[in-house]
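In what follows, residues are counted from 1 in the order of the sequence shown.
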Amino acid sequence: MATSLLSGVPLWSLREGLAVRDAGPAAPDPAVDVPADLRVCGPWIDTAGSSAPVVVDVLVPRPSPVLREALRRMTLGPVALHNVRGLDEAYRHWQSGRGDCGPWRRVKEALDRLGGSVVPTLASAQGHGLLLSLLATARGSAFDLVPTPPGQAVTTVARAHLRPDARVPELVAPGATHRAVLHDPASLAVVETALDRGAGTVGELAAAARVPGEVARDVVGYLRAGGLVTVVNSGP
């Protein structure tokens, strides 16, 4: 049986300072109906202050209307892409782990090519606000979410810690592809519990942190995708 990827609401945005611009017509003949290329460009700013800004300039050739609209919305801040016309059904299939999610996969492949320019954010399914956001530590970092069952044992990666100088709590680790900005007490409780307990199942983390099991599972899933949490294999 397929396993649902998420119970919460995945949101997407472009990194602060980036813009989406037309890159000129994709065909020299204006009578030919070929979509114009796009560029995602601007300064790639490390808000942790660990490096100077560098310039991002990524060509998105001949984007579909769906991808064009998705990127436009992502410049506005964290948005739910399942509201984009043409993505709604495929997006729900991806989130549930069931059915044809081809249209969303094609958009996700384009977002993966943008790497660390994309900011994945997780929001509460109950409408209680944002839980966490992942900020890439390198421009080539991509986000790939995989299911994490409640009985799966996990642990934070080596030298993972909460940044002491952050205005909003952040989980960081040397070599991790992302750092996690923890917007909500529930996500912070899961992280603090994982740091204190070491290895444990997702269900055990949820109980110890006193958060709903589906919230702990979603938070752990995002942290795994960001390289901040890893699974613990029980076999020899």
Side-chain angles (χ1 to χ4, degrees), residues 3-13 15-16 46-51 78 95 97 116 118-138 141-236:
T3 301
S4 174
L5 279 175
L6 284 172
S7 300
V9 181
L11 306 176
W12 308 84
S13 61
R15 204 175 182 102
E16 181 182 356
D46 184 357
T47 53
S50 60
S51 61
Q95 186 172 349
V118 174
V119 180
T121 295
L122 175 66
S124 165
Q126 288 73 38
H128 297 157
L130 305 182
L131 289 168
L132 64 84
S133 296
L134 292 178
L135 291 174
T137 56
S141 301
F143 172 80
D144 189 19
L145 189 65
V146 294
T148 306
Q152 174 66 61
V154 296
T155 185
T156 51
V157 299
R159 294 188 288 166
H161 62 279
L162 291 170
R163 248 184 80 198
D165 58 340
R167 289 183 300 142
V168 178
E170 290 186 18
L171 180 66
V172 298
T177 58
H178 295 76
R179 52 193 175 87
V181 181
L182 308 171
H183 302 292
D184 187 87
S187 58
L188 178 59
V190 172
V191 166
E192 289 179 329
T193 302
L195 290 171
D196 289 343
R197 289 174 59 94
T201 67
V202 176
E204 290 167 347
L205 287 179
R210 298 184 178 180
V211 302
E214 60 271 18
V215 171
R217 191 190 67 151
D218 286 355
V219 168
V220 167
Y222 266 64
L223 297 178
R224 279 185 67 192
L228 294 159
V229 160
T230 186
V231 301
V232 176
N233 295 319
S234 57

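Closest approach of P150 to T201, counting heavy atoms only: O-CB, 3.5 Å. The two residues G8 and D218 come nearest to each other via the heavy atoms N-OD2, 2.6 Å. The two atoms that bring A176 and T137 nearest to each other are O-OG1, 2.7 Å, heavy atoms only. Residues P147 and P149 share a closest heavy-atom pair of O-CD, 3.8 Å. Residues T177 and S141 come closest through the heavy atom pair O-OG, 3.2 Å. Of all heavy-atom pairs between L182 and V168, the closest is O-CG1, 3.4 Å.
Shown here are the side-chain contact (heavy atoms from CB on, under 4.5 Å) partners of A125, two or more places apart in sequence or in another chain: there are none. Remark: S124 engages Q126 in a side chain to side chain donor-acceptor pair (under 3.5 Å) (not counting sequence neighbours). In this structure, E214 has no side chain to side chain donor-acceptor pair (under 3.5 Å) partners at least two apart in sequence or on a different chain. Take V172 and apply the side-chain contact (heavy atoms from CB on, under 4.5 Å) test, not counting sequence neighbours, and it matches H161, R163, E170, R179.
In this structure, the separation between CG on L132 and CG on L135 is 10.5 Å, given to the nearest 0.5 Å. Here the CG atom belonging to L11 is positioned 7.5 Å from the CG atom belonging to L122, to the nearest 0.5 angstrom.
Taking 4.5 Å as the limit, some side-chain heavy atom of P120 sits within range of a side-chain heavy atom of W12. Within the 4.5 Å cutoff, the side chain of T230 has heavy atoms near those of the T155 side chain. A heavy-atom distance below 4.5 Å is not found between the side chains of L223 and V154.
Side-chain atoms of R15 come within 3.5 Å of backbone N or O of A136 as a donor-acceptor pair.
Residue pairs meeting the ring-ring contact (aromatic ring centres under 6.0 Å, His included) criterion with at least one member in residues 166-222, sequence neighbours excluded, are F143-Y222.
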Acceptor/donor pairs from residues 187-196 side chains to any protein atom, 3.5 angstrom cut, sequence neighbours excluded:
| residue | atom | partner | partner atom | Å |
| --- | --- | --- | --- | --- |
| S187 | OG | L131 | O | 2.7 |
| S187 | OG | D184 | O | 2.9 |
| T193 | OG1 | A189 | O | 2.7 |

